[in-house]
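This report refers to the structure that appears directly beneath it.
Just so we're on the same page: letters track the sequence lines, and every chain starts at 1. In this text the structure is predicted, and so the values were computed from the model without any measurement. Side chains included, hydrogens not; waters and symmetry mates left out as well; all remaining heavy atoms used.
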Amino acid sequence: MQAKMQAPRSAVSGRAAARSRVSTTKVVCRALNSMESPYAEELKKTAAYISQKGKGILASDESNATTGKRLESVGVENTEDNRRAWRELLYTAPGLGQYISGAIMFEETLYQKARDGRQFVDILLAQGIYPGIKVDTGLQILPGGKGETTTQGLDGLADRCKAYRKQGARFAKWRAVVKIGEAGCPSTTAVLENAHGLARYAQICQENGLVPIVEPEVTLGPGDYSIEETAFWSERVYSHVMRLLNEYGVVLEGILLKPNMCLPGLDAPVAPPKLVAEVTTRTMMRSIPPAVPGIHFLSGGMSEEESTLNLQALNEACPDAPWALTFSYGRALQSSTLKTWAGKQENWDAAQSILLKLAKANSEASTGSFKGPHPVPGGGRILQALRTGGAGK
Amino acid sequence: MASSLADVAAQLSAPGKGLLASDESTATIGKRLEKAGLPNTEEIRRAYRELYYTTPGMGQYISGVIMFKETLYQSTKAGRPFVEVLAEQGILAGIKVDEGLEPLAGAADGETHTKGLEGLEANCHEYVRAGAKFAKWRATLKVTDTLPSALAVERNADELAQYAKICQNCGLVPVVEPEILIDGSHSQERFGQVTEQVIGATVAALWRHGVELEGCLLKPQMVIPGADAEGGKASAADVARCTVAALRRVVPPAIPGIMFLSGGQTEEEATINLNAVNREAQAVGRCAWALSFSFGRALQASVLKLWSTDQTRVAEAQQLALALARVNSEAALGRYSASSGSHPSTLGAATLHETFRGWNGQPAGNGTAAQ
């Protein structure tokens, strides 16, 4: 059953209309600390739309620096126009909206247009895809000498959210990274600091009309730590995050979660999809209350094929999950797409075709119906170094 | 063959099954017996519990019985241990392990915490030897516009989690009961807020203490207005909506069963509300836990009334006990049909609300601390 996209309208008219329908005897079930966000009902509908069965998110919000590295890897210069062209390729892929319900953008991209002058946000909306916006301004190293990080971006966030919403964004994303696999990691400071940042960001977003994607990434890193160790720390991190979201009055029906799947360290043998599914499902069941409508896993270094097979296994393991078990993939949707395009106009259609095939495969995996073969089989891990230094450039 | 904690918890929360909470302390059951005109003697208490535990067919609806310590070691008139008689019906024996409420220093008037952590581990080993498979610990939280205090919430949550961890270490499935008291004039909305706060804190404490969620059960109150609230009782639809919404926000799906207490609702209300909660959960979808019952008064009040008039009317009393269990089993599946006159309760609208379920100012340790 297709959820319906909300035509963007002002929150005020929505609220007035809602008030006239409510009977005076109806009891309001509002959480203890919940803010009186005028956007509450809209946020819930947006979150439900994005997490609807069979759809997922395209994460295309790489900063200019990171995008630059990717473009340069296929021989394309890191200019604003090239970044624009690359995103145009993604967003104008015909029929992308059958598989993708939201696209996360970097700030520059939110304001960009296609060659024919149409705004990217309008192109996406016409495809049935909600525009989203990365709002964190990057990672900073925490004291302690272990390379742990905190995420910046709370200062001025409310005003930025208002501006992004005005431009057409309807959801946001903030990435917190927790490192494991080394003695003393994660420290209590890292867990609490990152959980707090996520919960404050989520609170501010909801207050200003954006559905927050809450991304606590327990990162896939070097070391031979086991999948059980990843699960242990993931539970610890997610439970702190969920606890703070509730304490800070964030309306859980109006958020989306973007966690990592549970994988062993890079120097341990790759875990088969069934094991990943079993451990990841158990971790989510222990930490995430049913009110959260969608869990959109990050791909975080998994190959394109691994990302699809693991997602398929998750949906096989948990067909009646309380939340959607779906995707918010960056590299796993873009890596081969970019290589196919390589900046050449004559490769445009072929590149879009690969993107659509990858999106379709993951859409099927998110309903447990992916049968293969994978459009890009046998790929290796797609790793990238953690970028710190903040300021979101 | 040893069952894991998760297996036992799954068995207790199996579809259409619930718990009979017959773990009233000597003092509490005494108050009820005396109100019904019966003396509070060990033999009366034994005979009263035997009534339920030997009801033929009870095992179709009841998966576990929570007992008070005295009862765990009692037997039928014919000399068969209660634990054995229950096991024959496929009913697991549970044991109340807390030692009652006492005022919480530093908190507000009337706020309590629960005693019993000291010596709990040793007690648990003993109860396991006696055949118990699960345990229960009751904390109570008082509601006003400003209560419960943060101290009361955190302290009770932490103690519940410590109890749960110790139980699991000893091989008992813990039933975790943070009872938000019905006493007071707070609104249903306020009750919902407190429910999220208290259950959220309880779950967070379970996480902190590393309690295995798959091997534990929650026993909360449904979200209802206070006993003296303006506007009186809430409709079953409102109870269902508020209860399901609150629990979906704070209870992870790994907990297999949410077994509601009846705490002051009438026998009929408890059934109708439980039924509505299940219908709502089915309509909303994606509620992974069983939504069932752990009822004391709502499974017993009419039975006690009948039996107290003439203790030889055992068959009749047992039929009534079975009927009460059956309608709640139906409610736990969302299949109870409330056409008027069909509920077996003989008490009508008479309230089961008792004023001694929270702290009543009695000094601790003399057996009268309210439980």
Side-chain angles (χ1 to χ4, degrees), chain A residues 1 23-34 40 44 48 51 53 188 191-192 195 231-232 234-255 257 281-295 318-325, chain B residues 6 148 150 153 157 187-216 223-225 229 231 234-235 237-256 280-281 284-289:
Chain A
M1 187 176 65
S23 102
T24 50
T25 57
K26 188 169 173 168
V27 177
V28 174
C29 304
R30 201 173 48 233
L32 178 64
N33 298 317
S34 83
K44 292 178 195 176
S51 60
K53 216 144 177 60
T188 305
V191 175
L192 294 180
F232 176 85
S234 299
E235 271 179 52
R236 179 81 132 244
V237 169
Y238 303 160
S239 60
H240 271 291
V241 172
M242 296 314 306
R243 167 76 158 146
L244 287 187
L245 289 174
N246 273 322
E247 278 194 14
Y248 291 16
V250 174
V251 177
L252 293 188
E253 294 87 350
I255 72 163
L257 190 74
T281 304
R282 189 190 70 205
T283 302
M284 298 301 139
M285 294 281 281
R286 286 179 176 175
S287 328
I288 314 300
V292 174
I295 298 182
C318 207
D320 299 313
W323 352 254
L325 289 168
Chain B
V153 173
S187 67
Q188 188 174 27
E189 183 187 359
R190 174 76 189 134
F191 200 97
Q193 293 172 347
V194 174
T195 296
E196 287 183 39
Q197 183 191 14
V198 167
I199 307 287
T202 303
V203 169
L206 295 176
W207 280 328
R208 265 199 314 276
H209 287 268
V211 174
E212 186 195 319
L213 296 186
E214 295 85 353
C216 126
V223 177
I224 50 179
S235 67
D238 278 345
V239 171
R241 207 165 36 79
C242 292
T243 303
V244 172
L247 295 173
R248 288 183 86 246
R249 289 188 177 134
V250 287
V251 185
I255 292 179
E280 171 75 7
V284 163
R286 299 172 155 192
C287 295
W289 356 259

Quiz prompt | B:Pro253 and A:Met285, any side-chain heavy atoms less than 4.5 Å apart | solution =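 When only atoms from C-beta onward are counted, B:Pro253 and A:Met285 do touch, with a gap below 4.5 Å.
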
Practice problem: Can you run down the ring pair (Phe, Tyr, Trp, His ring centres under 6.0 Å) pairs that involve residues 192-213 of chain B, sequence neighbours left out, and say none if there aren't any? | Solution: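 Qualifying pairs: none.
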
Quiz prompt | Residue selection (most heavy-atom pairs with chain A, distance under 4.5 Å) from B:Thr195, B:Val223, B:Val250 | solution =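 Highest number of heavy-atom pairs under 4.5 Å: B:Val250.
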
Quiz prompt | A:Leu252 CG to B:Glu196 CD distance, which is reported to the nearest 0.5 Å | solution =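 So the CG of A:Leu252 and the CD of B:Glu196 are separated by 8.5 Å.
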
Practice problem: First locate atom NE2 of A:His240, then atom CZ of B:Arg208, and finally report the distance between them rounded to the nearest 0.5 Å. | Solution: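 Output value for this atom pair is 8.0 Å.
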
Exercise. Check for a donor-acceptor pair, side chain of B:Arg286 on one end and backbone N or O of A:Trp323 on the other, with a separation under 3.5 Å.
Key: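 No, B:Arg286 side chain to A:Trp323 backbone: no donor-acceptor pair under 3.5 Å.
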
Quiz item: Which heavy atom in B:Ala201 sits nearest to a heavy atom in A:Arg243, and how many Å separate them?
Solution: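 Result for this residue pair: CA-NH1, 3.5 Å.
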
Quiz item: Considering all heavy atoms of both residues, which atom of B:Arg248 and which atom of A:Pro289 are nearest to each other, and what is their separation?
Solution: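 In this case the closest contact between B:Arg248 and A:Pro289 is O-CB, 3.2 Å.
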
Quiz prompt | Partner residues of B:Glu214 under the side chain to side chain donor-acceptor pair (under 3.5 Å) criterion, sequence neighbours left out | solution =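 Side chain to side chain donor-acceptor pair (under 3.5 Å) list for B:Glu214, sorted by chain: A:Arg286.
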
Quiz prompt | chain B interface, residue from A:Glu253, A:Arg236, A:Arg282 that has the most non-hydrogen pairs under 4.5 Å | solution =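 The option with the most such pairs is A:Glu253.
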
Exercise. Measure A:Glu235 against the heavy atoms of chain B and call it side chain, backbone, both or neither at under 4.5 Å.
Key: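 For A:Glu235, neither part sits under 4.5 Å from chain B.
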
